[in-house]
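For reference, the structure discussed in these notes is given below.
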Amino acid sequence: MTAPAVVIREPSLARDLIALTKPRIISLLLLTTLAPMFVAGSPSWATILWTGIGGYLMAGGANAVNMYLDRDIDQLMARTRLRPIPSGRLSPRTVLAFGIAIATAATWILGHFVNVLTSALALAGFYFYVFVYTRWLKRTTPQNIVLGGAAGAFPPLVGWAAVTGRVDLASLYLFLIIFYWTPPHFWALALLKQRDYGKAGVPMAPNIWGERETIDQMLWYSVLLLGLSLLPVTFGVFGLFYQASALALGGILLLGVWRVRARSLRGESWTAVAWSVYKFSLLYLALLFLAMAIDRHI
Amino acid sequence: MPLPLPTILWLSLALVAVSQIMILRSTVRAMRAAESEQARRGIEWAYAVVPAVALIVVLAATWQASQEHSTRLGLEAKASQTVAP
């Protein structure tokens, strides 16, 4: 019996440029941009297409500039060591130019084909991620991903504004859901990658506050998220389908974090459960936003 | 069975308020344990309070929006009773 062949892809410029945009992360950002468009109304195919392209390029530009700014710590962490800059495949200047170029293209596309507010919100998300999160918060406070979570919460505002041309209470709720989802999501990963973050000197909550306090906060953020996700039902934005989905998904997330806490308190290994919380949190956000879109059309 | 809207409102507000207070409490505890300097503690405290204040503003707007929604639902129910034979 022969062992399965391991396919090693040859690095190429195109592959590296795509890698700079972090396409796997952007797929979730795109979902949280496009689903709110169907909550806000009935967008045309052209609006969906241009918002999707603009959203991808803006987020991709922010990710590329982030890789430029974090190039010193990326080479210290196993998780990021193989990125195009630390591995020497692309020069920092090329990465910066690429990031700025595609973010500029996104600003023009969204402003020209969608509307100015959509373009301004997407650009605000770019600036927040690059300057507020990466440059300011990331290396200075254990609450970096709490406030920095706002950067990842811009996409629903972008999608909403693309359809309605404004931002209102319902869209703010979509923003807040992502904002309060970020701590349990990221800290589940940070708990598992403590050594990596410690080596790079990034003050993540588990490294500074300790595991116990971080897990406690993950639990309370999950409770807050459950309550917050139900509130749009009370002023008529969503109905029964969303209500049931938010309760079920929030309950599963909460249960997962509770299991991490219980195992930690008993002194048992919690790494496998923390990993499953991290993976489920991704599914949670995707399914919750899908439920929103479905609820509005049934 | 769907929960009545006022029940969802009160339950959700309670969950949000209690958990936000617990988050603030935990942040203070964590800052003390980390033995950070006074100035740093002030900044960390501000980072924790800013989202809480923003949340209060959104909750106030939510309260108003849910009252308006309940009134609208009440008026619609009344109108349908009047129209029905």
Side-chain angles (χ1 to χ4, degrees), chain A residues 136-137 140-150 153 168-173 175-176 179-180 182-183 203 205-210 212-244 246-247 250 254, chain B residues 1-36 40-52 54-73 76:
Chain A
W136 178 16
L137 298 168
T140 59
T141 169
Q143 297 184 81
N144 46 16
I145 57 98
V146 177
L147 296 164
D168 56 23
L169 185 61
S171 60
L172 281 181
Y173 263 94
F175 175 93
L176 284 177
F179 182 81
Y180 282 103
T182 307
N207 299 64
I208 306 296
W209 294 346
R212 173 74 196 279
E213 209 66 65
T214 307
I215 294 169
D216 269 5
Q217 289 224 10
M218 282 170 69
L219 186 76
W220 288 116
Y221 272 107
S222 304
V223 176
L224 199 157
L225 181 62
L226 178 62
L228 196 77
S229 65
L230 289 171
L231 279 169
V233 175
T234 67
F235 55 97
V237 180
F238 298 120
L240 194 57
F241 180 78
Y242 170 81
Q243 186 185 318
L247 261 174
L254 189 55
Chain B
M1 203 179 84
L3 289 170
L5 291 186
T7 311
I8 299 175
L9 180 67
W10 282 110
L11 267 176
S12 304
L13 285 177
L15 287 179
V16 169
V18 169
S19 41
Q20 183 62 75
I21 290 166
M22 296 308 286
I23 288 165
L24 290 173
R25 224 180 118 216
S26 163
T27 306
V28 172
R29 207 166 48 210
M31 282 186 313
R32 282 200 190 126
E35 289 177 356
S36 48
R40 190 68 234 163
R41 270 192 208 175
I43 295 169
E44 291 296 337
W45 179 242
Y47 288 160
V49 168
V50 167
L55 190 59
I56 290 170
V57 175
V58 174
L59 292 183
T62 307
W63 176 264
Q64 202 179 345
S66 0
Q67 297 308 309
E68 285 167 12
H69 181 63
S70 297
T71 311
R72 203 166 46 242
L73 286 182
E76 279 171 14

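Just so we're on the same page: letters track the sequence lines, and every chain starts at 1.
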(message) Among L137(A), N207(A), T214(A), I208(A), exactly one meets side-chain contact (heavy atoms from CB on, under 4.5 Å) together with P142(A). Which residue is that?
(response) I208(A)
(request) Against chain A, label I23(B) side chain, backbone, both or neither, depending on which of its atoms sit under 4.5 Å from a heavy atom there. (result) both
(request) Identify which part of A48(B) has an atom lying under 4.5 Å from any heavy atom of chain A, answering side chain, backbone, both or neither. (result) both
(message) Using a 4.5 angstrom heavy-atom cutoff, name the option from A244(A), G239(A), G236(A) with the most pairs to chain B.
(response) G236(A)
(message) Within the supplied structure, the quantity of interest is the number of heavy atoms (other residues, nucleotides, ligands) at a distance under 6.0 Å from Q64(B) CD; does it exceed 12?
(response) no
(request) Give, as side chain, backbone, both or neither, the part of Y180(A) having an atom under 4.5 angstrom from any heavy atom of chain B. (result) side chain
(request) Step by step, work out the ring-ring contact (aromatic ring centres under 6.0 Å, His included) result for Y173(A) and F235(A). (result) CA-CA 11 Å; Y173(A) 263 94; F235(A) 55 97; 5.7 Å; yes
(message) Counting heavy-atom pairs closer than 4.5 Å to chain A, which one of V18(B), L73(B), L13(B), L15(B) comes out on top?
(response) L15(B)
(message) Tell me if a side-chain donor or acceptor on D168(A) pairs with a main-chain N or O of S171(A) at a distance below 3.5 Å.
(response) yes
(request) Mark yes when over 12 heavy atoms from residues, nucleotides or ligands other than R25(B) sit less than 6.0 Å from its CZ; otherwise mark no. (result) no
(message) Has S12(B) got a side-chain atom pairing as donor or acceptor with I8(B)'s backbone, closer than 3.5 angstrom?
(response) yes
(request) Please identify each residue that fulfils side-chain contact (heavy atoms from CB on, under 4.5 Å) with V50(B), with sequence neighbours left out. (result) none
(message) Between T27(B), L11(B), I43(B), who has the most heavy-atom pairs with chain A when the cutoff is under 4.5 Å?
(response) T27(B)
(message) List the residues meeting side chain to side chain donor-acceptor pair (under 3.5 Å) with N144(A), not counting sequence neighbours, and say none if there are none.
(response) none
(request) For each of A205(A), G227(A), S229(A), S222(A), tally heavy-atom pairs with chain B at distances under 4.5 Å, and name the one with the top tally. (result) G227(A)
(request) Please look at P183(A) and chain B and tell me whether the side chain, the backbone, both or neither of the residue comes under 4.5 angstrom of a heavy atom of that chain. (result) neither
(request) With the side chain counted from C-beta on, respond yes when L55(B) and L224(A) share a heavy-atom pair under 4.5 Å apart, and no when they do not. (result) yes
(message) For L176(A), which atoms come within 4.5 Å of any heavy atom of chain B: side chain, backbone, both, or neither?
(response) side chain
(message) Please classify the contact between L147(A) and chain B as side chain, backbone, both or neither, with a heavy-atom cut-off of under 4.5 Å.
(response) side chain
(request) Return the option, out of V233(A), D216(A), L231(A), L219(A), with the maximum number of heavy-atom pairs under 4.5 Å with chain B. (result) L231(A)
(message) Need one label for L169(A): side chain, backbone, both or neither, based on atoms under 4.5 Å from any heavy atom in chain B.
(response) side chain
(message) Taking side chain as everything from C-beta outward and backbone as N, CA, C, O, which of these in S70(B) sits under 4.5 Å from a heavy atom of chain A? Side chain, backbone, both or neither.
(response) neither
